[in-house]
Amino acid sequence: MRRRRFLSGVGAASVGGLAGCLGFELQSGDSVRGEPDMVEDRPDAAYMPTHVEGMAVAGTQSSGAYDCALTYTYPHRFWQVTGTHTSMTEVTEGDTVHLMPVVWHRETGIVPPDVNPGFEVSLEGGSVVSRSPWSMLSQRMGFHFGDNVVLPGENTYDVTVSVGEPSAMRTGSLADAGPAEFEFEFTFPRSELETVSYRDIPADEEGTRGAVDPMNMEMVPTTQLVEPDALPGTVRGTAKSGDATLAVTTLDDATPFGGDESETYLAVSARTPYNRYPLPMMSLSGTLVRGGETVFDDSLTTALDADLGTHYGAPVPGVESGDELTLSVDAPPQVARHEGYETAFLSMPAATLTL
Amino acid sequence: MTGTDFPVRLVLGPMTAPPDAADARGVSRRAFLKSAVAIGGSAALAACLDRESVDVPRGPEAPGAAGYPARQHAWNDVLARDDAGNAVQPRHHVLLLLDYGPDGEPTDADRTEMEEAFRSLERAYERSHEGLLLTASYAPAYFERFGDSLPSSVDVPDPEALAPFEDPDLDTPDALVHLASDHAKVVLGAEEALRGETDERNGVSVRALPDALSVSERRTGFVGAGLPADNQDVIGVPDSEPVPEDSPLYMGFKSGFEGNQASEDRVTIGEGPFAPGTTVHLSKIRLNLTQWYEQDDRYQREAKMFCPHHAKNDTVEGVGENLGTDTGMDDCEAPEESARNDGVVGHSQKMAAVREDDGPLILRRDFDSTDDGEAGLHFLSLQSSVSAFVETREAMNGSDISEDSAVGQRTNNGILQYMNVKRRGNYLMPPRSLRALPPAAPGEN
C-alpha cells in the first residue's frame with residue numbers, strides 16, 4: 001500500500017474536501033512533504049490523480065485587451081515536456097506556493113498560449129522572484145501558466161505580470177491585443193494558503209482512466225472548448241491520438257486565417273478527453289487525400305479565433321466529402337502537465353479520418 | 001572628476017568585513033576578488049592589492065600608435081587560449097557608462113585629456129589579458145551634439161526592444177568604457193585612475209578622465225572557470241549551489257568557441273572615417289536559473305542550450321570542454337526540423353543558422369555579473385553593423401519557428417525562458433586614433 005506522507009500525523013481533519021487543510025504544514029521536516037505518493041500503474045492516458053487542490057485568487061486586473069488573475073495554490077509536482085522526454089519537478093524544501101498568473105483575452109475569454117506571461121515578485125522594492133512560468137495543463141484549471149516559487153516568508157508582495165506581443169496567427173480582436181502589464185498586491189500569510197481546498201481521491205478511483213471535473217472558477221474563465229459538434233463550420237468528425245481528441249471542422253472562407261476566398265480553412269481542435277481543454281504547443285501536420293491524390297500536405301499551425309478557440313489550421317484548396325485526412329503529431333503538446341495528464345498526449349500516432 | 005560611490009553594494013559581498021574576517025568565514029580568494037570588483041572603490045582596490053600578489057607587466061613608456069593596433073577591439077592576439085585553442089576572455093570586467101556634461105561639441109582640451117588618461121593606463125599596464133584591455137565606444141546620443149550626422153558607413157541606430165516579449169530600458173549615455181583583465185586589481189585600479197581617485201598605478205603616473213565626463217553607471221562582471229560557482233549566492237540562482245565549479249558561466253556550459261565566433265576581421269567596419277572600428281551592442285540580462293537547475297534535467301539543458309541531437313547522444317561532457325573549438329552544430333538538424341519533430345530548439349542551433357560565408361556575424365565578449373545582487377549577464381557583442389546583431393537576435397527569438405511548431409514563445413525555445421533583457425544599448429567603437437571624444441564626421445573639417 002502506498003504510504004501517504006501527506007496525511008501522516010495529521011489526523012482525520014485533512015481527509016475529505018475540507019478547507020483549512022492542516023495537512024500542508026509547510027514547516028515540517030519532510031522535504032518531499034505535501035503530496036501523496038504517485039499512483040504506481042498509470043495508464044498512458046488521462047487518469048484520476050491522487051488528490052485535487054483548489055486555488056485562491058489574489059486579485060484581478062485589466063490592462064489593454066487582457067484581464068489577469070493572480071492565482072495560487074499549494075506547491076505541487078508537475079512534469080515538463082521536451083519532445084517526448086518528461087522530467088518531474090517535485091516540491092522541494094522551501095517551495096512556498098504554486099503561483100499562476102492567468103491572463104485571458106477579455107473579449108473572447110481565451111487564455112492565449114502564444115504569449116508567455118512573466119512575473120516578478122518584489123518585497124519592499126527589491127526583487128524576490130522573477131520567472132517565465134511554464135505553460136501547464138491541469139485537470140481542474142485547464143490550460144494556464146504557473147510554477148512553484150519560494151517566497152521569503154509571510155509578507156505583502158508586489159507582483160508584476162507582463163505579456164508581450166502574440167506570436168501565433170490570431171483573428172479579429174485577438175490579433176489587436178498588444179503587450180500588457182498588471183500590478184498586484186499579494187498578501188501571503190500561510191494561513192490564507194491553508195484555506196485552499198484539498199480533496200483526496202479515493203484509492204479505488206485514483207489511477208483509473210478519467211479526469212476530475214473542472215473547477216468552478218468565478219473570477220477566471222474556464223479554458224474548456226465547446227463540444228465538437230458545436231464548433232463553427234462544417235464539422236467533419238473526430239479522431240483520437242494518445243488519448244487526445246482531434247475534432248475536425250472546415251470553414252468555407254479561409255480569408256481570416258491567411259488564406260483566400262477560394263480556399264477552405266481546415267481546423268483541428270485538439271483537446272483533452274472529458275474536460276475538453278485545448279492542447280496547445282503541438283507540432284501537427286495534415287495530409288488531405290482525394291481519390292488517391294494528395295491535395296494538401298503541410299503543417300497545421302497554431303491559431304486563435306473567438307469561435308474556434310485555440311486550434312491548429314491551414315487554408316486548403318477545398319474539402320470534399322469522402323476526402324481522407326491524416327493527422328500526424330510530429331511533436332506532442334510541449335505543455336507541462338499536472339498529475340493525471342503526464343502520461344497522456346505523449347505517444348501520439350497518426351490518425352486518419354474520412355471527411 | 002568626481003568619483004561615484006556605491007555604498008549599497010558594500011552590504012552585498014564579503015567586503016563588509018576585512019580580508020582576515022572574510023577568510024574566517026570561508027570566503028575563497030576568488031570569491032573575494034570578484035566581490036571586490038562588484039563593490040568597487042578605493043577600499044575594494046586596497047584589499048585587492050593585498051590579496052592579488054601577482055606582478056602585472058607594465059606597458060611601453062610611450063604608448064603611441066606604434067605597437068598598438070588601429071582596432072581597439074583587436075584583443076584576440078593578446079588573449080589567453082584554452083587547450084583547444086579558443087580565445088579566453090579576461091576574467092574580470094568593468095563597464096563605465098559616461099556622460100559628457102557640456103552642451104555642444106567636445107573641446108580639444110577634453111579630447112587631449114581623455115587620450116592622456118588612456119595612454120597613462122597603457123603605460124601602467126601591458127596591453128594583454130595579464131595587463132589591461134581597454135576600449136572606448138560612443139552611443140548615437142553622443143553624436144547628436146554635432147552638426148554632422150554619422151557617415152553612412154556606420155550603422156549604429158538608437159537601441160530598441162528586439163523581441164516581442166521584452167521591454168528593456170534603453171541606455172543613452174554618451175560613452176562606454178570597457179576595462180578587462182585577468183586581475184581584479186587591474187580593472188579596479190584602472191577605474192580608480194580614470195575617476196581621478198589615484199595618481200599612480202603599478203608604479204606609473206596615471207591621469208584622470210576630464211571633469212566633463214562623469215560616470216552615470218557602473219557595471220561589473222566576470223567570466224572563467226570557478227568564478228560563477230564562487231559567486232552564485234545571488235537572486236536567480238537557487239540555494240542548492242548548482243553552478244558547476246569548472247563552469248565559466250552561470251548556465252553551466254562554456255561558450256565563445258572559435259567556430260562560433262565571428263573573426264575580428266568580420267566585425268570590423270571596412271570603410272569610411274570610422275574604419276577600422278566596430279559596433280557594440282550591450283545588453284543587461286537577468287538570469288533566472290531556478291527552473292534551469294532545479295526543474296530541467298541534463299537532457300533538457302543540453303537540448304535547450306545546444307540541440308536535441310546533443311541531448312539524445314550525450315554529446316556534451318560537463319561544461320563542454322570536449323567540444324573543442326565548435327559546438328558541433330553540423331550534427332544537429334535545422335532549427336525548424338528540430339522544432340517540428342523534437343518540440344525543442346537549441347540556442348546554439350538557432351545561432352548556427354545565422355552565418356555569412358560560413359561564419360557567425362557577431363563576436364561575443366560577454367560576461368556574467370552579480371550587479372544588483374542578481375545573477376546577470378552583460379552581453380557585449382561586436383559586429384560590423386548593429387543590424388548584424390539584430391539579425392542574430394531575431395534568430396535567437398525563434399518567432400517563425402514557434403509560430404509553426406510545438407516550440408513556445410519561450411518554452412523549449414533555446415534559453416529564452418531563463419533570461420530577461422533589462423537594458424539595451426548600441427555604440428560605435430571608433431578606431432584607436434579616434435577613441436577620445438570623436439567627431440561625427442572625422443576628416444570633414
Side-chain angles (χ1 to χ4, degrees), chain A residues 78-90 92-95 113-118 120 126-135 145 147-150 162-169 178-179 181 280-285 298-303 329-336, chain B residues 161 163-167 235-236 238-240 286-291 294-304 308 311-312 336-346 372-375 397-413 415-420 422:
Chain A
F78 58 86
W79 288 257
Q80 307 101 262
V81 179
T82 302
T84 54
H85 174 98
T86 60
S87 66
M88 181 169 74
T89 290
E90 292 192 82
T92 56
E93 196 164 0
D95 278 344
D114 65 330
V115 286
N116 198 143
E120 174 129 15
S127 177
V128 176
V129 178
S130 176
R131 200 66 65 83
S132 294
W134 303 98
S135 63
F145 288 83
D147 201 357
N148 297 340
V149 298
V150 178
S162 55
V163 294
E165 298 278 358
S167 57
M169 145 81 73
E181 195 168 281
M281 301 174 69
M282 174 164 71
S283 297
L284 189 68
S285 302
D298 207 342
S299 56
L300 304 174
T301 55
T302 303
V329 178
D330 306 315
Q334 302 295 297
V335 54
Chain B
F165 45 81
E166 71 175 34
D167 186 21
I235 292 171
D239 291 341
S240 56
R286 183 172 176 184
L287 300 173
N288 306 309
L289 301 182
T290 301
Q291 294 166 322
E294 304 219 314
Q295 300 180 350
D296 285 321
D297 57 22
R298 175 79 189 184
Y299 179 97
Q300 289 162 323
R301 287 193 290 272
E302 218 168 308
K304 293 175 186 184
K312 290 174 194 167
E336 300 77 14
E337 293 291 308
S338 288
R340 285 295 306 176
N341 300 324
D342 295 302
V344 58
V345 60
D372 309 322
E374 299 173 348
N397 291 341
S399 297
D400 293 349
I401 293 169
S402 83
E403 266 177 47
D404 193 29
S405 75
V407 165
Q409 192 174 47
R410 288 186 137 154
T411 306
N412 291 357
N413 195 343
I415 52 174
L416 292 174
Q417 185 165 354
Y418 315 96
M419 46 179 280
N420 194 359
K422 308 294 281 183

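Every heavy atom of this structure was used, including side-chain atoms; hydrogens, water molecules and symmetry mates were not. Convention: sequence-line order gives letters A, B, ...; per-chain numbering from 1.
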- [ ] Provide the closest heavy-atom pair for A:Ser87 versus B:Asp297 in the form atom of the first, atom of the second, distance.
- [x] CB-OD2, 3.3 Å

Open item on the list: Using modelled atom types and a 3.5 Å cut-off, is there a donor and acceptor pairing between side-chain atoms of A:Thr301 and backbone atoms of B:Asp404?
Closed with: no

TODO: Determine yes or no for a side-chain-to-main-chain donor-acceptor pair under 3.5 angstrom, with B:Gln291 supplying the side chain and A:Ser132 the backbone.
DONE: yes

Task: Main-chain N/O of A:Val81 paired with B:Asn412 side-chain donor or acceptor, under 3.5 Å - done: yes

- [ ] Quick one: closest heavy-atom pair of B:Glu403 and A:Ala168, and the distance?
- [x] CG-CA, 4.4 Å

TODO: Quick one: which of A:Thr82, A:Thr89, A:Val129 has the most heavy-atom pairs under 4.5 Å with chain B, could you say?
DONE: A:Thr82

Task: 4.5 Å side-chain heavy-atom contact, B:Thr411 and A:Gln80 - done: no

- [ ] Could you look at B:Thr290 and say if it's the side chain, the backbone, both or neither that has a heavy atom under 4.5 Å from chain A?
- [x] side chain

Task: From A:Asp330 atom CG to B:Glu337 atom CD, the distance as rounded to the nearest 0.5 Å - done: 9.5 Å

- [ ] Rounded to the nearest 0.5 Å, what's the gap from CD on B:Glu294 to CG on A:Asn148? Could you check?
- [x] 10.5 Å

Open item on the list: As a quick check of understanding, evaluate side-chain contact (heavy atoms from CB on, under 4.5 Å) for B:Gln409 and A:Val115, giving each step before the final call.
Closed with: CA-CA 7 Å; B:Gln409 192 174 47; A:Val115 286; 4.1 Å; yes

- [ ] Could you tell me the separation between the CG atom of B:Asn288 and the CD atom of A:Glu120, rounded to the nearest 0.5 Å?
- [x] 8.0 Å

Task: Under 4.5 Å from any heavy atom of chain B - which part of A:Pro113 - done: neither

Open item on the list: Heavy-atom cut-off 4.5 Å, strictly under: side chain, backbone, both or neither for A:Val335 against chain B?
Closed with: neither

Open item on the list: Can you tell me which portion of B:Glu374 sits under 4.5 Å from chain A's heavy atoms? Options are side chain, backbone, both or neither.
Closed with: side chain

- [ ] Using non-hydrogen atoms and a 4.5 Å limit, figure out which bit of A:Ser127 sits close to chain B: side chain, backbone, both or neither.
- [x] both

Task: No-hydrogen, no-angle side-chain donor-acceptor test under 3.5 Å, B:Gln295 and A:Asp147 - done: yes

Task: Considering all heavy atoms, the nearest A:Leu284-B:Arg340 contact - done: O-NH2, 2.9 Å

Open item on the list: Using heavy-atom distances under 4.5 Å, tell me whether A:Asp114 contacts chain B through its side chain, its backbone, both, or neither.
Closed with: backbone

Open item on the list: Quick check on B:Ala339 against chain A: is it the side chain, the backbone, both or neither that has a heavy atom closer than 4.5 Å?
Closed with: backbone

- [ ] Considering only heavy atoms and a distance below 4.5 Å, find which of A:Glu181, A:Glu165, A:Met169 pairs most often with chain B.
- [x] A:Glu165

- [ ] Could you label the plane-to-plane angle of the B:Tyr299 and A:His85 rings as parallel, tilted or perpendicular, counting under 30° as parallel and over 60° as perpendicular?
- [x] parallel

Open item on the list: Please report the interatomic distance OG(B:Ser405) to CE(A:Met281), rounded to the nearest 0.5 Å.
Closed with: 8.5 Å

Open item on the list: Tell me which of these, A:Ala336, A:Ser285, A:Ala331, has more heavy-atom pairs under 4.5 Å with chain B than the rest.
Closed with: A:Ala331

Open item on the list: Can you confirm whether B:Asn420 sits close enough to A:Ser130 that some side-chain heavy atom of one is under 4.5 Å from a side-chain heavy atom of the other?
Closed with: yes

TODO: Identify the heavy atoms of A:Ser167 and B:Ser402 that sit nearest to each other, and give their distance.
DONE: OG-OG, 3.9 Å

Open item on the list: Under a 4.5 Å cutoff for heavy-atom pairs, which residue among A:Ser299, A:Pro280, A:Ala303 has the most contacts with chain B?
Closed with: A:Ser299

- [ ] Using non-hydrogen atoms and a 4.5 Å limit, figure out which bit of B:Asp400 sits close to chain A: side chain, backbone, both or neither.
- [x] neither

